[in-house]
Protein chains: 2
Amino acid sequence: METRELRYFVAVAEELHFGRAADRLGIAQPPLSRTIAQLEHRLGVALLTRTSRKVSLTNAGAALLDEGRAILGAVAAAERRARGAADDEPGLVLAAKAGGSGELLAKLLDAYAAEPGAVPVEVLLVESRVHAPLLDGRADVALMHQPYDPTTGLDVEVLRTEGQVAVMPSSHPLAGAAQLRLADVSSLPELARWPEPDGGYPDGSGVEVRNLTQLFQMVSLGRAVAVLPEIARTALLEGMTAVPVVDAERVSTVIAWPPHSRSRAVADLVRVATGFAEVS
Amino acid sequence: METRELRYFVAVAEELHFGRAADRLGIAQPPLSRTIAQLEHRLGVALLTRTSRKVSLTNAGAALLDEGRAILGAVAAAERRARGAADDEPGLVLAAKAGGSGELLAKLLDAYAAEPGAVPVEVLLVESRVHAPLLDGRADVALMHQPYDPTTGLDVEVLRTEGQVAVMPSSHPLAGAAQLRLADVSSLPELARWPEPDGGYPDGSGVEVRNLTQLFQMVSLGRAVAVLPEIARTALLEGMTAVPVVDAERVSTVIAWPPHSRSRAVADLVRVATGFAEVS
DNA sequence: GGCAGCGATACCCGGCCGGTATGGATACCG
DNA sequence: CGGTATCCATACCGGCCGGGTATCGCTGCC
């Protein structure tokens with residue numbers, strides 16, 4: 001199976017339309033049809049069922065779509081990393097969620113910079129989907145949060161685990177409580193909504209926010225409530241209160257890297273991170 | 001980058017010899033040289049340094065070799081799984097180390113079989129390198145042991161963690177001890193040697209064994225000593241003694257599966273495994 | 001200095017990838 | 001109910017590229 005075939009198949013499987021897929025690939029439709037047919041023939045299984053009006057995936061097709069996407073990502077990552085490794089380990093790229101664990105990040109960078117043999121670390125701040133830059137090779141390491149960020153296909157080490165707090169305006173009826181349960185909060189109409197992995201928002205009446213700055217502004221305006229890791233306490237603004245949510249799932253801050261990364265620098269960074277996470 | 005190019009590059013990088021690599025690939029040497037040169041040109045980096053007497057890897061080449069092997073494995077796995085998914089989820093293949101955690105395995109199979117919607121489970125017993133069948137698609141799930149088996153690039157759940165014991169002939173001078181430290185055992189000349197991941201054996205004077213049956217036989221013959229997870233106690237033969245090694249690293253039995261495996265059956269099996277591991 | 005080994009280069013051929021034109025099936029519409 | 005638009009498959013053709021053989025150039029080594 002060649003990556004060309006895989007690219008073509010993924011395009012068709014995503015569009016479920018040969019014409020549009022061919023368009024997206026920048027080729028004509030007939031060669032695309034032919035290539036898919038050849039692929040199916042060589043695999044010995046049908047990947048798509050097509051009537052002349054509708055294309056849909058078979059089981060085998062669905063499986064191949066999943067794996068194919070991962071493979072194409074890995075190929076892109078391999079190319080990028082091979083190019084990057086050419087100029088003698090020029091530095092690391094660390095991805096982190098903007099506004100995430102700022103203090104931990106700062107400590108990590110400082111501690112690593114003090115290591116003998118440390119290389120320059122570039123920080124790549126992303127709004128969401130922190131794992132994406134790891135999978136396509138734009139970053140070498142990432143700080144992520146379980147269970148929020150998918151860590152599938154990555155190697156991880158847990159750095160810190162913490163409970164969660166409900167962050168709300170100090171004027172909120174629940175702000176006086178010593179502690180809350182998830183049920184108290186989850187049904188609130190002003191519960192802020194975060195983007196799903198696909199970029200859309202879940203249903204609900206709360207405001208839609210994309211990052212912590214927006215959220216905090218909304219909370220301080222009295223228009224939102226959210227459940228966040230305890231560390232968010234350190235960033236509270238005027239007029240905001242945090243109340244522990246005792247039965248909320250515990251959140252782990254993890255450091256993650258792609259498997260098969262034998263880079264000395266990544267190994268050092270992970271060691272430093274896990275090392276000082278224990279004493280702090 | 002096409003998988004053909006990657007296959008060719010990996011062959012050359014492993015052989016460090018264009019002629020032998022071409023032979024292994026079943027093609028002539030000139031097209032191979034040309035393909036590698038094209039790949040380097042497109043990537044914009046040198047992957048190999050060749051004098052007319054010696055071929056060696058550059059940094060970029062070493063990086064690409066690692067990732068390339070993983071990608072080729074993933075491609076093979078994708079093909080196999082696509083073929084497998086064709087006949088409507090015919091069953092699961094579970095890989096486990098032969099003689100490993102037999103009792104846990106039996107309980108797992110029983111518990112899963114009792115689940116509603118359970119599919120037939122085929123057990124693939126392997127001598128070593130349990131992760132290999134997962135990576136190339138021959139198995140869907142595996143029981144592995146951390147830190148012995150590499151779990152890089154896999155998703156895992158820990159099932160059980162246990163200490164280790166030194167297994168030795170009852171006649172051994174240390175057999176009377178209530179407990180031992182690693183230092184007491186690691187320097188023994190009769191310490192059995194296991195294959196490394198590459199199939200070779202480490203240096204030492206102890207016997208070379210390939211599986212538990214061989215090892216136990218050697219121990220009962222008075223010719224070997226080994227450090228094993230506690231569970232090995234249940235399988236001791238006549239004339240063998242197990243003594244706890246208090247400072248040995250704790251060993252975790254984990255259930256592992258390839259990332260991006262959305263199969264219902266795998267999810268069920270993992271749930272069952274983690275569920276009863278807690279109560280047992 | 002001759003020779004053996006190895007990778008690079010030169011050149012040719014055939015297959016395959018991509019293009020255009022067209023066919024056949026199906027849903028939709030007047 | 002026939003016409004039409006849409007969409008995938010088929011037929012056919014041309015150019016590129018992947019693979020082959022022959023050979024060159026370089027480098028250790030006896």
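Lettering follows sequence order; numbering is per chain, from 1.
Counting heavy atoms from C-beta on, the side chains of B:Thr35 and B:Phe9 never come closer than 4.5 Å. Contact of the A:Val141 side chain with the A:Ile255 side chain is registered, since non-hydrogen atoms from C-beta on lie closer than 4.5 Å. Put simply, the side chain of B:Arg210 does not reach to within 4.5 Å of the side chain of B:Trp194, judged on heavy atoms. Between B:Val272 and B:Glu115 the shortest side-chain heavy-atom distance falls below 4.5 Å.
Contacts between residues 4-16 of chain A and DNA chain C, counted as heavy-atom distances below 4.0 Å, involve A:Arg4, A:Tyr8. Of the residues in residues 24-31 of chain A, A:Gln29, A:Pro30 come within less than 4.0 Å of DNA chain D through at least one heavy atom, sorted by number.
Whole-Å rounding puts the B:Glu40 CD to C:dG7 P distance at 13 Å. Straight-line distance from the CD atom of B:Glu2 to the P atom of C:dC17: 10 Å, rounded to whole Å. Rounded to a whole Å, the CG atom of A:Leu32 is 11 Å from the C1' atom of C:dG18. Between B:Arg34 atom CZ and C:dA8 atom P the separation is 13 Å, expressed in whole Å.
For DNA chain D, the outermost nucleotides in 5' to 3' order that have an atom under 4.0 Å from a heavy atom of chain A are D:dT6 to D:dC12.
Side-chain nitrogen and oxygen atoms of B:Ser33 include none within less than 4.0 Å of the OP1 or OP2 phosphate oxygen of C:dG7.
Taking the charged nitrogens against the carboxylate oxygens, A:Arg271 and A:Asp268 do have a contact shorter than 4.0 Å, which makes a salt bridge. Salt-bridge annotation for A:Lys97 and A:Asp149: present, with a side-chain N of the basic residue lying under 4.0 Å from a carboxylate O of the acidic one. Residues B:Arg24 and B:Glu14 are paired through a salt bridge, judged by an N-O separation under 4.0 Å between the basic side chain and the carboxylate.
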Give each protein N/O atom lying under 3.5 Å from an N/O atom of nucleotides 26-30 of chain C, with the pair distance.
unit_1 : atom_1 : unit_2  : atom_2 : d
C:dT26 : O4'    : A:Ser52 : OG     : 3.0

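Comparing B:Ala37 and B:His17 by the nucleotide of DNA chain C that holds the closest heavy atom to each, the one mapping nearer the 5' end is B:His17.
Of the possible polar contacts, none joining the A:Tyr201 side chain to the A:Val207 backbone as a donor-acceptor pair under 3.5 Å is found.
Legend: residues meeting side-chain contact (heavy atoms from CB on, under 4.5 Å) with B:Pro133, ordered by chain and number and at least two apart, are B:Ala95, B:Leu124, B:Val126, B:Arg138, B:Ala139. Remark: B:Glu2 pairs with A:Glu2, A:Thr3, A:Arg4, A:Arg7, B:Glu5 by the side-chain contact (heavy atoms from CB on, under 4.5 Å) rule, at least two apart or across chains.
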Show, in sequence, the C-alpha distance, side-chain angles and deciding distance for B:Leu94 and B:Leu108, and conclude whether the side chain to side chain contact (heavy atoms under 4.5 Å, CB included) test is met. CA-CA 11 Å; B:Leu94 188 153; B:Leu108 173 57; 4.1 Å; yes

Is there a side chain to side chain contact (heavy atoms under 4.5 Å, CB included) between B:His145 and B:Val254 once you walk through the steps? CA-CA 6 Å; B:His145 297 278; B:Val254 302; over 6 Å; no

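Shown here is B:Arg223, whose CZ atom has no more than 12 heavy atoms of other residues, nucleotides or ligands within 6.0 Å.
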